[in-house]
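What follows is a short report on a single structure.
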Amino acid sequence: MSDTRTGGDRLTDRLTHPRYPLSNGYDPRWVVENQMGPHALWLLEWLAPALGLDALRPCARVLDLGCGRAMTSVFLAREFHAQVTAADLWIKADDNARRIAEAGFADRVQPVHAEAHDLPFAEGGFDAIVSIDAYQYFGTDDLYLPTLARLLRPGGRIGVVVPALREEPAGAEPPEHLRPWWEPDYWCFHSPGWWRRHWTRSGVVEVEAADWQPDGWRDWLLWCEVVAEESPEEFHRTMARQVAEMVRADEGRALGFVRVVARRR
């Protein structure tokens, strides 16, 4: 019997995930068209329970740092009724404002064009800071977290999800089986233990979680395969094919995701 479902139905079936019931409520075509890497909504939905209800209570002031095309900002506003500041360097505020308005959350999400080292916000102005697949680009600097944490109220929480390695490589070479795909940028991938130590050493936060996502590589591979087929942008299709090759060859031996959550002292 032939498959009479539409392309949209098949896409929905592929991306309906039992571990991410909230994310399942979003149009998968919208998510594909606005993605800029791993499935940001899945990663945010994994992060949210570790952040806790206090950080994501209704009307909480949340900074979504490195929000990309603001999908995660819309998610925070829709699912947790947060008041979100959507900050990104690569995507202009006007572009995100249009996308946010189309989603119906112009009253809850304020887009800002900003660089992570030059954030125009008041000290103590946020209840929570969230960053999905972005913090690795700027947050490995030993001096960064103390500067960022000042934007949190005392007791406020910061939570990030980043691409990661299970273990820190010994020496100056990447894992042997990843060499065909390894780029210098990948040295910003670190282990859960590295992130816990890095944040603890800052002295400004109490680390509450630094853990590995179970089977995160499988989600990453599925998403890359979908983007490689469905993205309207050739650049993203090409990148997704390359990353899929790497993740498929790795099979979870080294690559995955880490979430890190801490409370401002």
Side-chain angles (χ1 to χ4, degrees), residues 11-88 96 99-100 103-105 108-109 126-136 156-164 192 195 208-227 230 240 247 252 255-262:
L11 183 60
T12 297
D13 289 347
R14 291 184 73 184
L15 293 179
T16 297
H17 200 303
R19 288 204 301 271
Y20 310 117
L22 299 179
S23 300
N24 293 339
Y26 291 76
D27 178 359
R29 183 66 59 188
W30 180 76
V31 180
V32 168
E33 290 176 353
N34 291 297
Q35 63 82 34
M36 296 180 67
H39 197 308
L41 301 189
W42 288 352
L43 296 179
L44 178 54
E45 190 164 350
W46 178 53
L47 173 66
L51 271 172
L53 294 178
D54 178 61
L56 295 178
R57 67 183 186 277
C59 297
R61 301 160 299 167
V62 180
L63 171 60
D64 186 3
L65 183 57
C67 68
R69 290 173 172 156
M71 289 194 300
T72 47
S73 303
V74 168
F75 185 98
L76 289 164
R78 175 178 168 179
E79 306 303 334
F80 301 103
H81 308 286
Q83 292 291 330
V84 185
T85 300
D88 198 81
N96 272 342
R99 189 174 298 105
I100 292 163
F105 292 96
R108 296 190 201 167
V109 181
F126 295 103
D127 299 300
I129 298 173
V130 169
S131 185
I132 303 298
D133 185 34
Y135 194 83
Q136 70 274 14
R157 284 182 170 81
I158 176 172
V160 308
V161 179
V162 292
W195 280 108
E208 298 179 327
D211 54 353
W212 185 259
Q213 185 180 36
D215 281 337
W217 74 274
R218 296 183 187 275
D219 295 344
W220 199 356
L221 178 58
L222 169 61
W223 177 242
C224 285
E225 291 172 342
V226 169
V227 172
E230 303 289 346
V247 175
L255 294 168
F257 296 96
V258 164
R259 69 180 171 190
V260 194
V261 175

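The figures that follow rest on heavy atoms only: side chains count, while hydrogens, waters and symmetry mates do not. Starting from 1, each residue takes its place in the sequence as its number.
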[atom1]-[atom2] distance between [X] and [Y], expressed to the nearest 0.5 angstrom:
| X | Y | atom1 | atom2 | result |
| --- | --- | --- | --- | --- |
| Leu22 | Arg78 | CG | CZ | 8.5 Å |
| Met71 | Glu33 | CE | CD | 10.5 Å |
| Cys67 | Leu44 | SG | CG | 12.0 Å |
| Arg99 | Asn34 | CZ | CG | 4.5 Å |
| Glu79 | Leu41 | CD | CG | 9.0 Å |
| Tyr26 | Thr12 | OH | OG1 | 15.0 Å |

N/O donor-acceptor pair under 3.5 Å between [X] side chain and [Y] backbone:
| X | Y | result |
| --- | --- | --- |
| Ser73 | Val109 | no |
| Asp64 | Thr85 | no |
| Trp223 | Gly37 | yes |
| Arg108 | Ala77 | yes |

Side chain to side chain contact (heavy atoms under 4.5 Å, CB included) between Ile158 and Val261: does it pass, once the steps are laid out?
CA-CA 6 Å; Ile158 176 172; Val261 175; over 6 Å; no

Give the minimum heavy-atom separation between [X] and [Y], together with the two atoms involved.
| X | Y | value |
| --- | --- | --- |
| Ala210 | Pro192 | O-CB, 3.5 Å |
| Ala134 | Ser131 | CB-OG, 3.6 Å |
| Thr72 | Ala40 | CG2-CB, 3.7 Å |
| Pro38 | Asp133 | CD-OD2, 3.0 Å |
| Ala48 | Phe80 | CB-CZ, 3.7 Å |
| Ala55 | Ala128 | O-CB, 3.7 Å |

Taking atom types as modelled and ignoring hydrogens, do the side chains of Arg69 and Asn96 form a donor-acceptor contact shorter than 3.5 angstrom?
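There is no such pair (donor and acceptor under 3.5 Å, judged by atom type) between the side chains of Arg69 and Asn96.
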
Indicate whether the side chain of Thr16 and that of Asn24 have a donor and an acceptor atom separated by less than 3.5 Å.
no

Among Trp46, Trp217, Trp220, which residue satisfies the ring pair (Phe, Tyr, Trp, His ring centres under 6.0 Å) criterion with Phe257?
Trp220

What I'd like to find out is whether the side chain of [X] reaches to under 4.5 Å of the side chain of [Y], using heavy atoms alone.
| X | Y | result |
| --- | --- | --- |
| Trp42 | Leu15 | yes |
| Gln136 | Pro163 | yes |
| Leu222 | Val226 | yes |
| His39 | Asp219 | no |
| Val160 | Val130 | no |

Is the closest basic N to carboxylate O distance between Arg19 and Glu45 below 4.0 Å?
no

Check Arg157 with Asp127, please: is the shortest side-chain N to carboxylate O separation under 4.0 Å?
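Not counted as a salt bridge, because no side-chain N and carboxylate O are separated by less than 4.0 Å.
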
Might you work through the side chain to side chain contact (heavy atoms under 4.5 Å, CB included) test for Gln213 and Leu43, ending with a clear yes or no?
CA-CA 9 Å; Gln213 185 180 36; Leu43 296 179; 3.9 Å; yes

Taking the inter-plane angle between the rings of His17 and Tyr20 on a 0 to 90° scale, is it parallel (under 30°), tilted (30 to 60°) or perpendicular (over 60°)?
tilted

Stepwise side chain to side chain contact (heavy atoms under 4.5 Å, CB included) check, Val258 with Val161:
CA-CA 6 Å; Val258 164; Val161 179; over 6 Å; no

Check the pair Val162 / Trp195 against side chain to side chain contact (heavy atoms under 4.5 Å, CB included), numbers first and verdict last.
CA-CA 10 Å; Val162 292; Trp195 280 108; 3.7 Å; yes

